[in-house]
Amino acid sequence: QEWKNTLATWDPQDFCNISKIILPTDTYWSPPIFILERVNGQKSHLDYMAIMHNGSFNSTQPFQVTLTCSLMILKFPFDTQTCNLSIGSFLYPAVTDLVMKTRRTPAEMMKDSHSYFLTDGEWKFTNLSIIEYIEELDNGEFSLVTFMISMERRPTLYILNLILPTCALYLLDMAVLFGPSSLEEKINFQIAIILGSSMLAVILNNMLPTSSNKPPVIGTH
């Protein structure tokens, strides 16, 4: 966070050329920021901020947060999800007190995000867009910044563990059904296929996300 306080300025030449000082965050006013989609989070103990001689304040707070996000898993495991991270302050109206702006462009933030995001997980970070707007709430207007984060699921694991075995079972089912085998052999093989399909259905039920209004296509067949 960066902001300016015109009352906290000094001439470095009058103070041994000191142009920057580090003070605790409770020494001066700092904007209270809230994350709308936050469920829980863990804040660091870095409770300090840098103050420049021209009244510029800079506060950096590493923060790990868990957010709520509505998932659309109809195309699972080939789905792409977009989650919002909305940051604002509902204590100061945007008209007179506090207006939030982003310093960097989405392209610059994308570059930094790729350097921090873990690339060996289930999700691939694909896009980041930023929206700055005014929200009306309880007869007041408040400034908000929303980061729209797009991620694409890596489907390789699900293809190897679910889709390919399911397709193999169905192909074997069709081959035995229309093959020259006897009726008793077909019945025994059909029972084995049903048991295998039931095991795959149990595995699929444990792997599928549940936070969606529509079930995935792979789970409805």
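Here the structure is a predicted model, which is why all the values come from computation and not from measurement.
Between the CD atom of Q1 and the CZ atom of R103 there is a distance of 12.0 Å, given to the nearest 0.5 Å. The structure places NE2 of H53 at 11.5 Å from CG of D14, a figure rounded to the nearest 0.5 Å. The distance from the OH atom of Y28 to the OG atom of S59 is 14.5 Å, given to the nearest 0.5 Å. A distance of 9.5 Å separates CZ of F142 from CG of D97, quoted to the nearest 0.5 Å. Distance CG/D47 to OG1/T27: 10.5 Å, rounded to 0.5 Å. Note: I131 CD1 to N84 CG = 7.0 Å, rounded to the nearest 0.5 Å.
The cluster map of Ile, Leu, Val, Met, Phe, Trp and Tyr, joined by side-chain heavy atoms under 4.5 Å apart, puts W10 and M52 in different clusters. Each of I33 and V99 belongs to its own hydrophobic cluster when Ile, Leu, Val, Met, Phe, Trp and Tyr are linked at side-chain heavy-atom distances under 4.5 angstrom. I18 is connected to L23 through a chain of hydrophobic side-chain contacts under 4.5 Å among Ile, Leu, Val, Met, Phe, Trp and Tyr, so both are in one cluster.
Contact between G55 and T9 at its shortest, heavy atoms only, is N-CG2, 3.6 Å. The two atoms that bring T126 and M110 nearest to each other are O-CE, 3.4 Å, heavy atoms only. Across every non-hydrogen atom of V39 and L67, the tightest pair is CG2-C, 4.0 Å. Scanning both residues, T82 and C69, for their nearest heavy atoms gives O-SG, 3.8 Å. The shortest non-hydrogen separation linking L98 to S89 is CD2-CB, 3.6 Å. The shortest heavy-atom contact between T25 and M49 is O-CE, 3.8 Å.
The side-chain heavy atoms of Y133 and V145, taken from C-beta on, include no pair separated by under 4.5 Å. Using a 4.5 Å cut-off on side-chain heavy atoms (C-beta onward), P93 and E141 make no contact.
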*Chi angles and distances behind the side chain to side chain donor-acceptor pair (under 3.5 Å) call for T66, N40*: CA-CA 5 Å; T66 301; N40 55 46; 3.1 Å; yes
*Take E132 and M100 through the test side chain to side chain contact (heavy atoms under 4.5 Å, CB included) and record every step on the way to the result.*
CA-CA 8 Å; E132 300 174 356; M100 296 188 59; over 6 Å; no
*Just do the side chain to side chain contact (heavy atoms under 4.5 Å, CB included) check on L85 and I35 with the steps written out, would you?*
CA-CA 7 Å; L85 175 64; I35 300 177; 3.4 Å; yes
*Stepwise ring-ring contact (aromatic ring centres under 6.0 Å, His included) check, F78 with Y158*: CA-CA 10 Å; F78 307 99; Y158 301 99; 9.2 Å; no
*Please step through side chain to side chain donor-acceptor pair (under 3.5 Å) for the pair E2 and S56, ending with a clear verdict.*
CA-CA 7 Å; E2 290 186 2; S56 177; 5.3 Å; no
_side chain to side chain contact (heavy atoms under 4.5 Å, CB included), that's the test. Do I149 and Q81 meet it? Break it down for me._
CA-CA 8 Å; I149 305 169; Q81 306 294 339; over 6 Å; no
*Show your reasoning for whether side chain to side chain contact (heavy atoms under 4.5 Å, CB included) applies to N54 and K4.*
CA-CA 8 Å; N54 59 356; K4 274 198 172 184; 4.2 Å; yes
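When each of E37, E135, R38 is tested with S86 by the rule side-chain hydrogen bond (donor to acceptor under 3.5 Å, both in side chains), just one qualifies, namely E37. Each of L36, I87, I134 was evaluated against L144; a single residue qualifies, L36, per the side-chain contact (heavy atoms from CB on, under 4.5 Å) test. Between K124 and the choices M151, R154, R153, the side-chain contact (heavy atoms from CB on, under 4.5 Å) rule is met once, by R154.
Aromatic ring orientation, F57 versus W3: parallel (interplanar angle below 30°, classes split at 30° and 60°).
Within 6.0 Å of OH in Y48 there are 12 or fewer heavy atoms belonging to other residues, nucleotides or ligands.
Not a single donor-acceptor pair under 3.5 Å links the side chain of E152 to the backbone N or O of D79.
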